[in-house]
Each structure stands twice: as structure tokens, then as C-alpha cells.
Amino acid sequence: GDSVTQMEGPVTLSEEAFLTINCTYTATGYPSLFWYVQYPGEGLQLLLKATKADDKGSNKGFEATYRKETTSFHLEKGSVQVSDSAVYFCALSASGGSYIPTFGRGTSLIVHP
Amino acid sequence: DAGVIQSPRHEVTEMGQEVTLRCKPISGHNSLFWYRQTMMRGLELLIYFNNNVPIDDSGMPEDRFSAKMPNASFSTLKIQPSEPRDSAVYFCASSPSGSQIYEQYFGPGTRLTVT
């Protein structure tokens with residue numbers, strides 16, 4: 001079945017550091033890929049998405065590129081802020097099926113001033 | 001748009017009591033999902049509706065859990081009787097039909113504590 005694997009957290013960084021959160025997936029066909037962010041006490045929010053190979057999703061300084069050859073969708077940001085502290089979820093929605101998303105376990109990011 | 005609305009935001013109840021969680025999806029969205037989130041198990045899909053019809057309820061833990069969607073603008077998740085291990089944050093999410101991307105829009109969640 002479909003699956004998403006994220007790096008274990010927490011990831012702890014100083015403000016203005018470079019961020020990478022790794023995500024790899026297993027799916028049949030050509031899934032759509034997503035990153036969601038969950039701030040403390042809130043629900044998940046869509047951060048960015050990509051629907052086909054080599055697409056780059058971007059939002060709020062975050063980027064992720066759909067790499068079909070490595071089945072990856074790593075999240076990056078060049079300079080993190082304290083306000084980026086949250087839990088980040090990688091997810092996929094497979095084509096040709098019920099479109100029910102499959103979520104990773106989430107990676108907690110803590111940014112110190 | 002008001003987004004997905006959930007009520008109550010917090011619920012504390014005693015073991016054995018009935019609990020009803022409520023959700024109003026975004027207007028025009030035809031798919032609705034109920035999730036449970038805990039530290040141990042992460043985010044779990046409980047049930048998925050499309051056009052008010054339950055499509056996949058394989059994630060519902062046991063018969064104590066039931067969900068309904070009587071119309072396009074309202075859904076409930078009921079636990080009867082509740083147990084301490086049901087303590088979690090329960091999220092409702094909706095998604096637009098006809099979209100090939102199928103991103104989801106989550107509500108703020110209901111934090112349930114069963115003592």
C-alpha cells in the first residue's frame with residue numbers, strides 16, 4: 001500500500017539556519033504530494049503541493065521538489081524563523097484510487113532565537 | 001470563508017459517558033474526513049464521507065465509535081461509551097470534489113479527555 005516516511009524529530013535549529021526535512025514515499029501510479037504544517041493547538045494547514053514529477057511547490061519561503069526518480073519530496077527553507085516552529089507533515093494522494101491522503105508521522109521543528 | 005468549524009473545542013468527560021463531536025465542513029466541499037491524533041499513534045483516519053455517504057470506515061476503532069453525515073453541512077462523531085484510551089485530539093477535514101489535487105482543509109480540532 002501507499003506510505004510516507006519522514007525523518008524523525010525533533011529538528012532543533014537556530015534562527016536563520018537552513019532547514020531540510022526529508023520525505024520519501026511509496027505509491028502506485030503518479031501521486032500528488034503535499035506538505036502540511038501544524039502550529040501548536042491548531043489543525044493542519046496546507047503549506048505547499050506538487051502534482052507531477054519535477055514540479056516545485058513553494059509558499060512562505062518553503063520549497064519542495066517532486067523527485068520521481070528518488071521518490072522524494074524534501075522540504076527546505078533557506079532561513080528559518082522562530083515563528084516556523086511547528087510540526088510538519090508530508091502526505092500523498094495517489095491517483096487512480098480513492099484519493100484518501102496518506103500522511104507521514106510528522107516532524108517537529110523547534111527554532112531558537 | 002469561515003473554514004471548517006468544529007465543536008466543542010475541548011471536552012472532558014467521565015468513562016462510560018457518551019461523547020458527540022460536531023463538524024461543519026466548508027461550503028461546497030463534498031468530501032469529509034474524521035481523524036484522531038495522539039502522540040503514540042500520530043494522525044489516524046477514522047472515516048471518510050463523499051457526498052454524505054460513508055466510503056471508508058475501516059479506521060473506526062470499534063463499535064463504540066459511529067459517525068453520521070445527515071446533510072452536506074453537518075457531521076457528527078459519537079463515542080458511546082467513552083473510555084480513557086479515547087483521549088485524543090479529533091480533527092474534521094473537508095476537501096473539494098472535482099479537484100484533482102485533493103488537498104484537505106482541517107478544522108481546529110476537539111481535544112477530548114476521558115477520565
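In the text below, chain A, chain B and the rest are named by the order of the sequence lines, each starting its count at 1.
- Heavy-atom distances place the side chain of B/Q37, and not its backbone, under 4.5 Å from chain A.
- Heavy-atom distances place no part of B/Y105 under 4.5 Å from chain A, backbone and side chain included.
- Clustering ILVMFWY residues whenever any of their side-chain heavy atoms sit less than 4.5 angstrom apart, transitively, puts B/W34 in a cluster other than the one holding B/I26.
- No part of B/R111 comes within reach of chain A, as not one of its non-hydrogen atoms sits under 4.5 angstrom from that chain.
- With a 4.5 angstrom heavy-atom cutoff, A/Q38 touches chain B only via side-chain atoms.
- Separation of atoms CD1 (B/I55) and OH (B/Y48) is listed at 6.0 Å; rounding is to 0.5 Å.
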Residue pair B/Y90, B/E11: steps toward the side chain to side chain donor-acceptor pair (under 3.5 Å) verdict: CA-CA 11 Å; B/Y90 290 81; B/E11 177 79 37; over 6 Å; no
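- Salt bridge status for B/R64 with B/D86: present, with a side-chain N to carboxylate O gap under 4.0 Å.
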